[in-house]
Protein chains: 2
Amino acid sequence: MPKSKTAKPDARKTTGRTRQPDVTRRNILDAALVEFAAKGLSGARVDEIAARSGSNKRMIYEYFGNKDGLWLTVLERAYERMREEEHAIDVARMSPVEGMRYLMEFNFKFCSRNPEFIALLNAENLHKASFLKNSKKIRELYTPLLVVITDLLQRGQRDGVFRKNVDPVELYTTIAALGFFYFSNIHTLSTIFGRNLLSPKQQKTRLDHSIAVVLGYLRP
Amino acid sequence: MPKSKTAKPDARKTTGRTRQPDVTRRNILDAALVEFAAKGLSGARVDEIAARSGSNKRMIYEYFGNKDGLWLTVLERAYERMREEEHAIDVARMSPVEGMRYLMEFNFKFCSRNPEFIALLNAENLHKASFLKNSKKIRELYTPLLVVITDLLQRGQRDGVFRKNVDPVELYTTIAALGFFYFSNIHTLSTIFGRNLLSPKQQKTRLDHSIAVVLGYLRP
DNA sequence: CGGAGAAGTAACTGACCAGTTACGAAATTC
DNA sequence: GAATTTCGTAACTGGTCAGTTACTTCTCCG
């Protein structure tokens, strides 16, 4: 279970101080995630992260070297978290249509639940993915979703409920796009349309439509 | 015709100096677009914009007040440009299917042609659209595309080539998402997939798939 | 208990940067 | 061609911020 978004540091003062390097480390990363997501890499302040983490600057530089190192670690951790959640997906026992529906719902709600992840990815794209490219940790980054989609497509085609010749990577991109874009651009879209797209009602409308688009397309 | 992306200032030195406030203004805005798109609001440097524009800081503060004022003007200008291009779209004489295809191609290629626009929007969303919300100029921001989509949908439904009960705003969002997301996340996606998604070939594959998705969905 | 090392604090440094100013040069106006 | 306005330059200011350091306090472990 990931820590809450408000990133309150673990209560260490109540129990008296103890040496918990991993807890300190995690507190810093949680605080950094919030700060980086809210202000981007250049906008984020190390002092602010230190204050919010309940730790201090010295520890940040001890553990992560510098601001860039901290950024990379936060980014890697975000990807890991996503992969973990995706790994828990099991649509083997669902019908292709059910499975696809479930998958899209998962992806959509993941984006809804993790606005920091979206902000992080956008910032990383602004930097042309330079950190991600140089990350040793992130080599086998192929998302588990892709495997699941491939399986669903095959079964669906065999059963005659899905059309043939659908490229899984393209479909994955489409599904990712339909969830990601809405939340990534939610503020400018809300302004343009004059609606509050953050509301659960609007989100449901959007998800339903997205599912209809993909399932509609997949009809033979 | 918009100025080139490299934002070379107009040749004023060759013709000797003359007073051309509007040219200076435009040169500054062109330079600012490049700088803001490359580094975001907080990452951008006013000194750099001044140098690149062929003008100087004093003029920037004379015309735009401060960095935020410059940002807002750049943002407004980018939207205006998009609206202008969209206004030129005329699908009245095309069949609904042809028209829809053309529309998606336009949207996709617009994103491809204007990476700064995408970077700008992402940065503005990071700031929760706070500048856009306070812009007096951008009130009637409803994109012309929306009108065109509504028309195409009606004609297509009447002719029996499109399904019924499609919400134009939802479809617009979907079309926007399919173009925008690809280019917005092109660097992280390229890294994850190990492909260069900037290549024309990959772009064509992506556009074809996107069109197939929307047209496939729209089948009755 | 006592020494070693880990964790915490706050002041400091040096670079950077948004925004200002003083002044000079050019150009337009009359 | 003198007055007035516009434009350009470069130095300056005050604040901010990443990263460092000197020193203290705590914890662990023998």
Side-chain angles (χ1 to χ4, degrees), chain A residues 8-36 38-74 123 127 130-131, chain B residues 8-36 38-74 123 127 130-131:
Chain A
K8 290 238 183 73
D10 271 358
R12 294 171 63 172
K13 281 141 198 169
T14 54
T15 59
R17 210 164 72 184
T18 30
R19 259 186 229 174
Q20 297 169 299
D22 47 338
V23 174
T24 301
R25 224 185 109 93
R26 216 189 56 211
N27 283 341
I28 292 173
L29 286 174
D30 288 334
L33 175 65
V34 174
E35 176 76 1
F36 280 138
K39 316 211 185 127
L41 175 51
S42 57
R45 299 292 158 235
V46 176
D47 284 301
E48 178 64 27
I49 294 172
R52 205 196 296 256
S53 72
S55 182
N56 56 75
K57 264 169 109 174
R58 197 186 154 283
M59 289 295 99
I60 293 179
Y61 284 92
E62 181 125 339
Y63 287 141
F64 306 102
N66 55 28
K67 196 184 183 183
D68 284 359
L70 182 56
W71 169 265
L72 177 58
T73 312
V74 168
H127 297 106
S130 61
F131 291 88
Chain B
K8 292 238 182 71
D10 270 358
R12 295 170 63 171
K13 281 143 199 168
T14 54
T15 58
R17 209 164 74 186
T18 30
R19 265 188 221 170
Q20 297 169 302
D22 47 337
V23 173
T24 301
R25 224 185 110 93
R26 216 188 55 211
N27 283 340
I28 292 172
L29 286 174
D30 288 334
L33 175 66
V34 174
E35 175 76 1
F36 280 137
K39 317 213 185 127
L41 176 53
S42 56
R45 299 295 159 234
V46 176
D47 284 301
E48 179 63 27
I49 294 172
R52 205 196 295 256
S53 72
S55 183
N56 57 74
K57 264 168 109 175
R58 197 185 154 282
M59 288 294 99
I60 293 180
Y61 284 92
E62 181 128 336
Y63 287 142
F64 305 103
N66 55 28
K67 198 184 184 183
D68 284 358
L70 181 56
W71 168 266
L72 177 57
T73 311
V74 168
H127 297 105
S130 61
F131 291 87

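For D/dG8, one of the phosphate oxygens OP1 or OP2 lies less than 4.0 angstrom from a side-chain nitrogen or oxygen of B/Ser55. Close to C/dA6, at under 4.0 Å from its OP1 or OP2, lies no side-chain N or O of A/Tyr63.
Remark: C1' of C/dA7 and CD1 of A/Ile28 are 11 Å apart, rounded to the nearest angstrom. Protein atom CG of B/Asn56 is 16 Å distant from nucleotide atom P of C/dA25, rounded to whole Å. Put simply, CD on B/Glu48 is 13 Å from C1' on C/dC17, counting in whole angstrom units. Atom pair B/Ile60:CD1 and D/dG8:P shows a separation of 11 Å (rounding to whole Å applied). In this structure, A/Lys39 places its NZ atom 13 Å from P of D/dT16, rounding to the nearest Å. The interatomic distance linking B/Trp71 (CH2) with C/dA18 (P) rounds to 14 Å, in whole Å.
For the pair B/Ile28 and B/Ser55, the minimum side-chain heavy-atom distance is below 4.5 Å. Looking at heavy atoms from C-beta onward, A/Thr73 lies in side-chain contact with A/Arg25 at the 4.5 angstrom threshold. Looking at B/Asp68 and B/Leu72, their side chains never come closer than 4.5 Å, going by heavy atoms from C-beta outward. Counting only heavy atoms from C-beta outward, the side chains of A/Val34 and A/Ile49 never approach each other to under 4.5 Å.
Across the helix from C/dC1-D/dG30 to C/dC30-D/dG1, the helix axis at one end is tilted relative to the axis at the other end by 10° (nearest 10 degrees, each axis from five pairs).
In this structure, A/Phe64 reaches neither bases nor backbone, as no heavy-atom distance under 4.0 Å exists between it and the strands shown.
Distance alone, capped at 3.5 Å, places no donor-acceptor pair between the B/Asp30 side chain and the B/Leu33 backbone.
Listed by chain and residue number, A/Trp71 satisfy the side-chain contact (heavy atoms from CB on, under 4.5 Å) test with A/Ala123 (two or more places apart in sequence, or in another chain). Under the rule for a side chain to side chain donor-acceptor pair (under 3.5 Å), the partners of A/Ser42 that lie at least two apart in sequence or sit in another chain are B/Ser42. For A/Asp47, the side-chain contact (heavy atoms from CB on, under 4.5 Å) partners are A/Lys57, not counting sequence neighbours. Scored by the side-chain contact (heavy atoms from CB on, under 4.5 Å) test, B/Glu48 finds B/Glu35, B/Lys39, B/Arg45, B/Arg52 as partners (sequence neighbours excluded).
Out of C/dG8, D/dG8, C/dA7, the shortest distance to the side chain of B/Met59 is found at D/dG8.
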- Task: Take nucleotides 18-24 of chain D nucleotide by nucleotide from the 5' end and write B, S or -, depending on whether a protein heavy atom sits under 4.0 Å from the base, only from the sugar-phosphate, or from neither.
- Result: BBB-B--

